Amino acid sequence: MITRRRVLGISMMTYSESRGHNFTLNATFDDVEFDKYDGLIIPGGRAPEYLAMDASVVGLVRKFSDSRKPIAAICHGQLVLAAAGAVKGRKCTAFPTLGPVLAAAGAYWVEPKTMSGCAVDDNLVTGATFEGHPEFIGLFVNALGGNITGSDKRILFLCGDFMEDYEITVPFQSLQALGCHVDGVCPKKKAGDICTTAVHDFEGDQTYSEKPGHNFTLTADFDTIDVSSYDALVIPGGRAPEYLALDEKVIKIVKQIVEAGKPVASICHGQQILAAAGVLQKCTAYPAVKLNVVLSGATWLEPDPIDRCFTDGNLVTGAAWPGHPEFISQLMALLDVRVSF
């Protein structure tokens with residue numbers, strides 16, 4: 001198990017760093033068979049600084065590069081590409097401080113105009129930072145030969161301070177990558193305002209731990225939102241749902257979406273809002289939310305394992321962020337958004 005580090009966009013000359021989620025590996029590096037993979041992704045952070053010095057890592061990257069299989073690298077991940085000689089004569093971008101080293105490696109440097117900037121050169125996709133994930137992921141899907149249909153959907157996210165970092169960022173950016181129009185709103189806040197997030201992780205204690213997460217920028221005004229213009233509602237977990245469930249307009253928004261027969265996807269503690277709105281029939285949630293679910297009169301679906309998700313009519317529920325792949329795919333099914341290769 002490795003610990004992922006996170007950069008936070010705050011007012012300093014460079015990024016800050018705090019501990020992020022733990023990430024569980026699902027393969028052993030020495031057992032990786034290059035021929036069984038169709039593409040390669042290299043994340044950023046500080047890891048690429050030492051991975052670029054590892055001969056076995058560089059050798060594997062060089063195999064992908066020589067075979068012209070799709071490669072996507074973001075932030076500092078391009079250091080590994082430079083070590084493998086994979087950027088020579090290629091157009092690429094990265095976190096701005098990598099410009100000199102990539103130019104020295106023979107790349108055609110593309111200065112990112114914003115921290116969400118991306119660049120494409122045939123099979124090579126590069127991005128500046130996590131802010132560009134929607135475009136970055138979409139470009140990599142294209143490089144793999146993917147075709148996205150049904151993406152003309154509008155999705156609304158109910159946000160609040162100390163919502164869980166992954167549970168807002170991953171579904172939000174994933175739906176953007178699929179081509180959907182996605183908005184995040186929060187009571188008493190407007191477009192451009194910030195919501196603070198929290199990293200909730202499972203580290204051996206009786207409950208989750210909490211650390212600071214990324215800042216999340218809202219994209220629409222809560223007070224003037226036209227709920228009827230959206231095709232679905234997503235409710236992230238974390239601590240925000242505890243107090244959002246007390247907001248009358250939040251409850252009104254939930255009821256309006258449900259009564260219109262539109263999809264709702266809620267994860268972790270988000271079901272506290274659904275319970276308060278009285279719209280639950282059967283669902284799962286983070287185990288500690290079982291009381292809210294049962295007292296609302298709904299049938300509890302045990303999340304075993306913790307990444308299990310359920311669809312009940314137009315409602316998708318999940319227990320926690322480890323279930324994101326299933327959570328997002330089940331929402332995509334309700335929205336009829338498809339990716340084919």
Side-chain angles (χ1 to χ4, degrees), residues 8-11 113-116 129-135 138 151-198 212-279 314-316 328 331 334-335 337:
L8 307 176
I10 58 179
S11 183
K113 295 180 180 179
T114 68
M115 290 298 96
S116 60
T129 72
F130 65 88
E131 293 181 14
H133 275 161
E135 183 181 5
S151 60
D152 57 338
K153 304 298 191 299
R154 290 172 54 83
I155 319 297
L156 181 65
F157 278 68
L158 284 176
C159 304
D161 286 330
F162 294 100
M163 57 187 168
E164 211 285 327
D165 189 348
Y166 266 20
E167 290 171 2
I168 176 61
T169 306
V170 173
F172 194 94
Q173 292 188 326
S174 296
L175 289 165
Q176 286 181 316
L178 291 166
C180 298
H181 176 91
V182 189
D183 279 324
V185 296
C186 175
K188 301 179 181 178
K189 295 192 180 188
K190 299 180 179 181
D193 288 347
I194 297 296
C195 275
T196 302
T197 73
H214 293 90
N215 290 327
F216 180 84
T217 304
L218 299 168
T219 61
D221 296 350
F222 181 83
D223 290 338
T224 59
I225 200 74
D226 179 8
V227 178
S228 65
S229 70
Y230 292 91
D231 300 296
L233 176 70
V234 179
I235 307 176
R239 288 197 284 113
E242 293 179 346
Y243 66 86
L244 291 178
L246 304 178
D247 189 290
E248 291 183 2
K249 187 171 180 180
V250 167
I251 299 302
K252 183 178 178 180
I253 289 172
V254 171
K255 289 182 176 180
Q256 183 175 341
I257 291 285
V258 171
E259 290 170 1
K262 296 178 179 179
V264 175
S266 182
I267 195 164
C268 195
H269 287 67
Q271 288 81 306
Q272 290 176 318
I273 297 175
L274 299 180
V279 298
N314 284 323
L315 175 64
V316 176
I328 295 168
L331 176 58
L334 291 181
L335 291 168
V337 177

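Just so you know, these numbers come straight off a predicted model, no measurement behind them.
Using a 4.5 Å heavy-atom threshold, the side chains of Ile168 and Cys159 count as touching. Between Leu274 and Leu315 there is a side-chain heavy-atom pair separated by less than 4.5 Å. Residues Ile155 and Leu335 are in side-chain contact: their nearest non-hydrogen atoms beyond the backbone lie under 4.5 Å apart. Put simply, the side chain of Glu164 does not reach to within 4.5 Å of the side chain of Cys268, judged on heavy atoms. Between Asp183 and Tyr230 the shortest side-chain heavy-atom distance falls below 4.5 Å. Between Ile235 and Ile267 there is no side-chain heavy-atom pair separated by less than 4.5 Å.
Going from atom CD of Gln272 over to atom OG of Ser266 covers 9.5 Å, rounded to the nearest 0.5 Å. Interatomic distance, CD of Gln176 versus OG1 of Thr219, reported as 8.0 Å (0.5 Å rounding). Note that CG of Asp193 and NZ of Lys188 are 13.5 Å apart. Values are rounded to the nearest 0.5 Å. For the atom pair Leu331 CG and Leu334 CG, the distance stands at 6.5 Å (nearest 0.5 Å).
Every residue two or more places apart in sequence or in another chain was checked for a side-chain hydrogen bond (donor to acceptor under 3.5 Å, both in side chains) with Ser151, and none qualifies. With sequence neighbours left out, Glu167 forms a side-chain hydrogen bond (donor to acceptor under 3.5 Å, both in side chains) with no residue at all. Under the salt bridge (charged side-chain N to carboxylate O under 4.0 Å, His left out) criterion, Asp161 pairs with Lys189, not counting sequence neighbours. When the side chain to side chain contact (heavy atoms under 4.5 Å, CB included) test is applied to Ile194, the partners found at least two apart in sequence or on another chain are Asn215, Thr217. With sequence neighbours left out, Phe172 forms a ring pair (Phe, Tyr, Trp, His ring centres under 6.0 Å) with Phe157, Phe216. Under the side-chain hydrogen bond (donor to acceptor under 3.5 Å, both in side chains) criterion, Gln173 pairs with His133, sequence neighbours left out. Residues passing the side chain to side chain contact (heavy atoms under 4.5 Å, CB included) test with Ala275 are Leu280, Asn292, Ser296, sequence neighbours excluded. In terms of the side-chain hydrogen bond (donor to acceptor under 3.5 Å, both in side chains) criterion, Ser174 has no residue partners (sequence neighbours excluded). Residues forming a side chain to side chain contact (heavy atoms under 4.5 Å, CB included) with Thr224 (at least two apart in sequence, or on another chain): Asp221.
The two residues Cys195 and Gly160 come nearest to each other via the heavy atoms SG-C, 3.9 Å. Listed here is the closest heavy atom pair of Met163 and Pro236: SD-CG, 4.4 Å. Closest approach of Val337 and Cys180 over heavy atoms only: CG2-SG, 4.3 Å. The two residues Gly213 and Asp165 make their nearest non-hydrogen contact at CA-OD2, 3.4 Å.
Identified under the salt bridge (Lys or Arg N to Asp or Glu O under 4.0 Å) test for residues 231-244, with sequence neighbours left out: Glu210-Arg239.
Side chain of Ser116 to backbone of Glu131: no donor-acceptor contact under 3.5 angstrom is found.
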Does the side chain to side chain contact (heavy atoms under 4.5 Å, CB included) test come out yes or no for Val264 and Val316, once each step is laid out? CA-CA 6 Å; Val264 175; Val316 176; over 6 Å; no
Donor-acceptor pairs under 3.5 angstrom involving side-chain atoms of residues 248-258: please list them, not counting sequence neighbours.
{"from": "Lys249", "atom 1": "NZ", "to": "Phe222", "atom 2": "O", "distance (Å)": "3.0"}
{"from": "Lys249", "atom 1": "NZ", "to": "Asp223", "atom 2": "O", "distance (Å)": "3.0"}

